[in-house]
Amino acid sequence: AESSSHREQLITAAHEPVSALTRRIDGNDRRLQILFELAGQLNALSTLDEVLERIVQATFEAFPAANFFAITLIEDPDNPGLEQPYLSRLRGDLQDSDERPILSKSILKRVLTEGQAVLWVKDSLGLEVSQSILDAKITACLAAPLVGQRSILGLMLVDTRGRGSLFSKQDLDLFSVFASNAAFALERARLSDSIVEMFESFVEASVTAIEARDPTTAGHSQRVASYTLETALVVNQFTSGRLGDIELSADELTELRYAALLHDFGKIAVREDVLGKPTRLPEPQMRLVEQRLETLKALVWRELLDEAIAENVPADQLIATVE
């Protein structure tokens, strides 16, 4: 384990606020362009996975000495869970390694307890260091807290494991600014996730309330949503004909699902004597409705058949459209 005196010699902390660090960074540093591009791109991202992947890419680009990247997110302040990162990457890898990465708990603990970014460089005289640093073959490490509006969200670090490269104090300043941008984007992504969860809860509660007023149609909203999405996915497969220009994005499919689930929302305001009528339509009226549906289906078939003949649409696509 590291002694207190050795740790003070091996770690340099960034004490200045981000605004002061930004002013200190050399204006000719080409990595500022990477930072500016990252800030702009993060503003357009909302999901946590997208934010994290873009941060990884930009960090490796800005710090060529770094061979390892990790982010640890704090879910429980009483149990930060420093030992296991939320995400880790080796340079050039697109996926998380199956092998559990080794992190320096002593470095991460200091960042968390003091709320300051640190630069650690292995002393050339061989001062005593922690076993985790030796096992990971780390010669230098940059670590910074992800400071949110009310608390520390987690930790972000890069190191040179397996390499003999080093970091400078200017690297520390720039890395601190990167971490500040990352923290802002992560906090916003978490807020977006919370909003989505709240809306999902609202939709679920609404469907439950609708079905509670009309138990005879229990499960109807879910079935309509399922059929609607299946139909939309079939439409997305068309490359020609009337439906060839229609392609619903993931966001549009989500909106369509919500609309389908809530299509009976108006039942909330329908009077009980109307909503809960005990009988179906009289048989003659039911036959009339069925006849109208058959007529409508025949008209659609005829129109699609004419288009298929004119545009050489495959028969299987034509059948899938109607079914």
Side-chain angles (χ1 to χ4, degrees), residues 44-50 191-323:
L45 302 177
S46 57
T47 67
L48 184 60
D49 288 343
E50 289 176 330
L191 178 60
S192 296
D193 289 343
S194 297
I195 292 173
V196 171
E197 291 176 3
M198 289 174 59
F199 189 72
E200 285 281 354
S201 298
F202 164 76
V203 171
E204 183 178 350
S206 298
V207 171
T208 300
I210 292 168
E211 295 188 346
R213 291 208 64 203
D214 188 9
T216 58
T217 61
H220 169 72
S221 296
Q222 294 288 353
R223 290 192 293 272
V224 169
S226 177
Y227 297 151
T228 301
L229 286 181
E230 287 295 330
T231 302
L233 292 176
V234 171
V235 170
N236 276 356
Q237 296 175 6
F238 280 78
T239 57
S240 60
R242 173 193 293 181
L243 305 177
D245 295 331
I246 301 176
E247 183 174 358
L248 300 176
S249 66
D251 288 342
E252 288 171 330
L253 289 173
T254 299
E255 293 175 3
L256 185 62
R257 171 177 166 268
Y258 288 145
L261 285 171
L262 297 174
H263 77 279
D264 270 344
F265 193 72
K267 282 185 177 182
I268 295 293
V270 176
R271 297 195 318 270
E272 290 290 343
D273 60 331
V274 175
L275 185 63
K277 58 184 183 297
T279 59
R280 302 174 60 185
L281 289 174
E283 195 61 31
Q285 293 187 24
M286 287 293 296
R287 286 198 298 270
L288 180 60
V289 170
E290 292 173 356
Q291 291 172 0
R292 289 176 176 175
L293 290 175
E294 289 298 324
T295 300
L296 180 61
K297 185 176 180 179
L299 291 174
V300 171
W301 262 108
R302 179 175 179 178
E303 188 175 348
L304 291 176
L305 183 60
D306 290 342
E307 289 185 4
I309 295 174
E311 302 183 20
N312 295 319
V313 175
D316 58 340
Q317 290 190 7
L318 175 63
I319 294 173
T321 302
V322 177
E323 293 182 346

List the steps, then state whether side-chain contact (heavy atoms from CB on, under 4.5 Å) holds for Leu253 with Leu233. CA-CA 9 Å; Leu253 289 173; Leu233 292 176; 4.1 Å; yes

Let's go through Glu247 and Gln237 carefully: what are the C-alpha distance in whole Å and the side-chain angles of both, what is the deciding distance for side-chain contact (heavy atoms from CB on, under 4.5 Å) to 0.1 Å, and is it a yes or a no? CA-CA 8 Å; Glu247 183 174 358; Gln237 296 175 6; over 6 Å; no

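Contact between Ala225 and Ala260 at its shortest, heavy atoms only, is CA-CB, 3.5 Å. Residues Ile246 and Asn236 share a closest heavy-atom pair of O-OD1, 4.1 Å. Taking each heavy atom of Ser206 and Leu262 in turn, the nearest pair found is CB-CD2, 3.7 Å.
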Please list, one pair per line, the donor and acceptor atoms closer than 3.5 Å that link side chains of residues 286-296 to other protein atoms, with sequence neighbours excluded.
from, atom 1, to, atom 2, distance (Å)
Thr295, OG1, Gln291, O, 2.9

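A tilted orientation is assigned to the rings of Phe265 and Phe202, their planes being inclined by 30° to 60°.
Leu299 contributes atom CG, which lies 12.5 Å from atom NZ of Lys297 (distance to the nearest 0.5 angstrom).
Ion pair Glu200/Arg257 flagged as a salt bridge, since at least one NZ, NE, NH1 or NH2 atom sits closer than 4.0 Å to an Asp/Glu carboxylate oxygen.
His220 pairs with exactly one of Asp264, Val207, Ile210 by the side chain to side chain contact (heavy atoms under 4.5 Å, CB included) rule, that one being Asp264.
No donor-acceptor pair under 3.5 Å is formed between the side chain of Ser226 and the backbone N or O of Gln222.
Using a 4.5 Å cut-off on side-chain heavy atoms (C-beta onward), Leu248 and Val235 make no contact.
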